[in-house]
Amino acid sequence: MDTSSTGTSRRELFSLIGKTAGAAAMWWWQRPSPLHHAAIENGVLIAYDFRGHVSWTFASGGFERAPSYGSLSAFVQSDIDGDGSPEILVSRESAKENHDVVCLNASGTVRWTRPLGRPVRTAETVFDPPFRFRGLELLRGFPDGVPRILVAAHHHMWHPAQTLLLDIHGNIISEYWHSGHLTTFALFDCNRDGHPELLAAGINQARKVAELVVLDPFHMTGVSGEDNPGYQLLDMPRNVERARVLFSRTELGHLTAAYSVPVSIIPKRDSILLDVSESLGNGQPANSIAFELDRNLVLREVAPSDYFNLTQTLLVREGKLKSISTPSQLRQQLKQTFLVTPKW
């Protein structure tokens, strides 16, 4: 028996096994990894793997970052359907300059698309597309444990604003239209019945003040009722809100901005904190007022930001403001007006 040839064959076999194992290890290391994180740069969504390498790209035309104010995000990465693999929700500009919301799987394949906006009208004006994507949120906390997708959009020039609640497949559950952009959202169980309401805050366009709207997210299809015919959107049901309340502006606010804009809603155990800016833009900190509301949206306290107080001091020195308002004087200036009293 030739033992030398047998030894050679074994060495060749072990060498082949080693090379195969090495090639397999190299393939395993270099294979496209599952989506780890993503970013939007110059209108392109870039997906990175676990090693920080570019896995794939998607020309979204979306925001490079979250909007400068409000709770909305430019895109969301999450395991939406619970299959163990993340999805990405992001906007895309269509050929007609209208924006869509797109759901991508971990490999960058489009799973579904939801166009935003549609022609709406008042008695005087028809607002044709394009409509712009403002932002989105993945809402969790519903009794059935299933997340829903909140999307906010607005007309490219004027006040009509659309809020969509979508299921995880992109189907419309409900659709609310408001005369004035809605900028920040949160879920809060106002009446403790186990079914959270949707808090939506934004601009009341007719009055140029901040507004808080409370909606049943699953039954909000309709339009805000307006007493000014020039801002009343038509052809949809009205009075679908569970509550609507306006917040007046301060003397300082009338000097520093054309309108006030809610920037955040923070639900607490038994209260709601609404932060409203009266001077957005120009790279400056906001002259903001924090409103604390109880569960029935009744105003408890108001608190100006430090920059609000500083701005008051500067404008008094410049002769543009008569005097610095004390907290009690601010409380007198900041009135509530209920357009729809709470229905709970």
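Note that these values count all heavy atoms, side chains included, but never hydrogens, waters or copies made by symmetry. Quick caveat: nothing in here was measured; it's all calculated off a predicted structure. Throughout, residue positions are numbered sequentially from 1 according to the sequence presented.
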Of His155, His154, His156, the residue whose pairing with Phe131 passes side chain to side chain contact (heavy atoms under 4.5 Å, CB included):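 The single option meeting the side chain to side chain contact (heavy atoms under 4.5 Å, CB included) with Phe131 is His155.
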Testing the 3.5 Å rule here: is there a donor-acceptor pair between the side chains of [X] and [Y]?
X      : Y      : result
Thr109 : Ser107 : no
Trp344 : Asn296 : yes
Ser78  : Arg140 : yes
Arg92  : His99  : no

Set of side-chain contact (heavy atoms from CB on, under 4.5 Å) partners for [X], sequence neighbours left out:
X      : value
His254 : Arg249
Arg238 : Val223, Gln232, Leu234
Asp79  : Asp81, Asp83, Glu87
Thr122 : Glu124, Thr125, Phe127, Leu233

Determine, stepwise, if the pair Thr311 / Asn287 fulfils side chain to side chain donor-acceptor pair (under 3.5 Å). CA-CA 7 Å; Thr311 304; Asn287 297 326; 2.7 Å; yes
Should Gln332 and Gln329 be marked as a side chain to side chain contact (heavy atoms under 4.5 Å, CB included) after you check the CA-CA gap, both sets of side-chain angles, and the distance that decides it? CA-CA 5 Å; Gln332 291 299 315; Gln329 290 171 330; 5.6 Å; no
Is it the case that over 12 heavy atoms from other parts of the model lie below 6.0 angstrom from the CG atom of Asp306?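 Count not over threshold, so no.
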Mind checking the [atom1]-[atom2] spacing from [X] to [Y]? Nearest 0.5 Å is all I need.
X      : Y      : atom1 : atom2 : result
Cys103 : Ile149 : SG    : CD1   : 6.5 Å
Ile289 : Gln333 : CD1   : CD    : 8.5 Å
Phe308 : Ser277 : CZ    : OG    : 10.5 Å
Phe188 : Glu197 : CZ    : CD    : 9.0 Å
Glu301 : Asp294 : CD    : CG    : 11.5 Å
Leu274 : Ile265 : CG    : CD1   : 6.0 Å

Between [X] and [Y], is there a shared hydrophobic cluster once you connect ILVMFWY residues whose side-chain heavy atoms come closer than 4.5 Å?
X      : Y      : answer
Leu199 : Ile266 : no
Ile173 : Phe142 : yes
Leu315 : Leu310 : no

Begin with the C-alpha distance, continue with both residues' side-chain angles, and end with the deciding distance and a verdict on side chain to side chain contact (heavy atoms under 4.5 Å, CB included) for Glu292 and Val302. CA-CA 6 Å; Glu292 182 183 5; Val302 296; over 6 Å; no
Contacts of type ring-ring contact (aromatic ring centres under 6.0 Å, His included), residue Tyr231, not counting sequence neighbours: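 Once residues adjacent in sequence are excluded, the partners of Tyr231 under the ring-ring contact (aromatic ring centres under 6.0 Å, His included) criterion are His159.
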Quick check: do Arg114 and Val102 have side-chain heavy atoms less than 4.5 Å from each other?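 Side-chain contact under 4.5 Å: no.
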Ion pair Asp270/Arg300, N-O distance below 4.0 Å: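 Result for this pair is no, no salt bridge flagged.
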Would you check if the side chain of [X] reaches a backbone N or O of [Y] as a donor-acceptor pair within less than 3.5 Å?
X      : Y      : result
Ser271 : Pro267 : no
Ser264 : Thr184 : no
Arg242 : Cys190 : no
Trp177 : Thr221 : no

What pair of heavy atoms forms the shortest contact from [X] to [Y], and how long is it?
X      : Y      : value
Ser55  : Asp49  : CB-N, 4.3 Å
Thr57  : Val54  : CG2-CG1, 4.0 Å
Ala210 : Pro262 : CB-CG, 3.8 Å
Thr250 : Leu334 : CG2-CD2, 3.5 Å

Report the C-alpha separation of Phe50 and His36 in whole Å, then their side-chain angles, then the decisive distance to 0.1 Å, and conclude whether the ring-ring contact (aromatic ring centres under 6.0 Å, His included) test is met. CA-CA 5 Å; Phe50 285 90; His36 182 261; 4.8 Å; yes
For side chain to side chain donor-acceptor pair (under 3.5 Å), just list the numbers for Gln162 and Tyr176, CA-CA rounded to whole Å, side-chain angles, deciding distance to a tenth of an Å, and then say yes or no. CA-CA 6 Å; Gln162 179 192 42; Tyr176 179 68; over 6 Å; no
Pairs meeting criterion salt bridge (Lys or Arg N to Asp or Glu O under 4.0 Å) with involvement of residues 153-178, two or more places apart: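 Qualifying pairs, neighbours excluded: Arg118-Glu175.
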Under the criterion side chain to side chain donor-acceptor pair (under 3.5 Å), I'd like the reasoning laid out for Gln205 against His178: C-alpha separation, chi angles, the key distance, then a yes or no. CA-CA 9 Å; Gln205 192 68 29; His178 185 264; over 6 Å; no
For Leu136 and Leu72, run side chain to side chain contact (heavy atoms under 4.5 Å, CB included): C-alpha distance rounded to whole Å, both residues' side-chain angles, the deciding distance at 0.1 Å, then the answer. CA-CA 5 Å; Leu136 57 83; Leu72 301 170; 5.7 Å; no
Working note: Leu198 + Leu187, criterion side chain to side chain contact (heavy atoms under 4.5 Å, CB included); need CA distance, chi angles, decisive distance, verdict. CA-CA 5 Å; Leu198 177 65; Leu187 289 177; 4.2 Å; yes
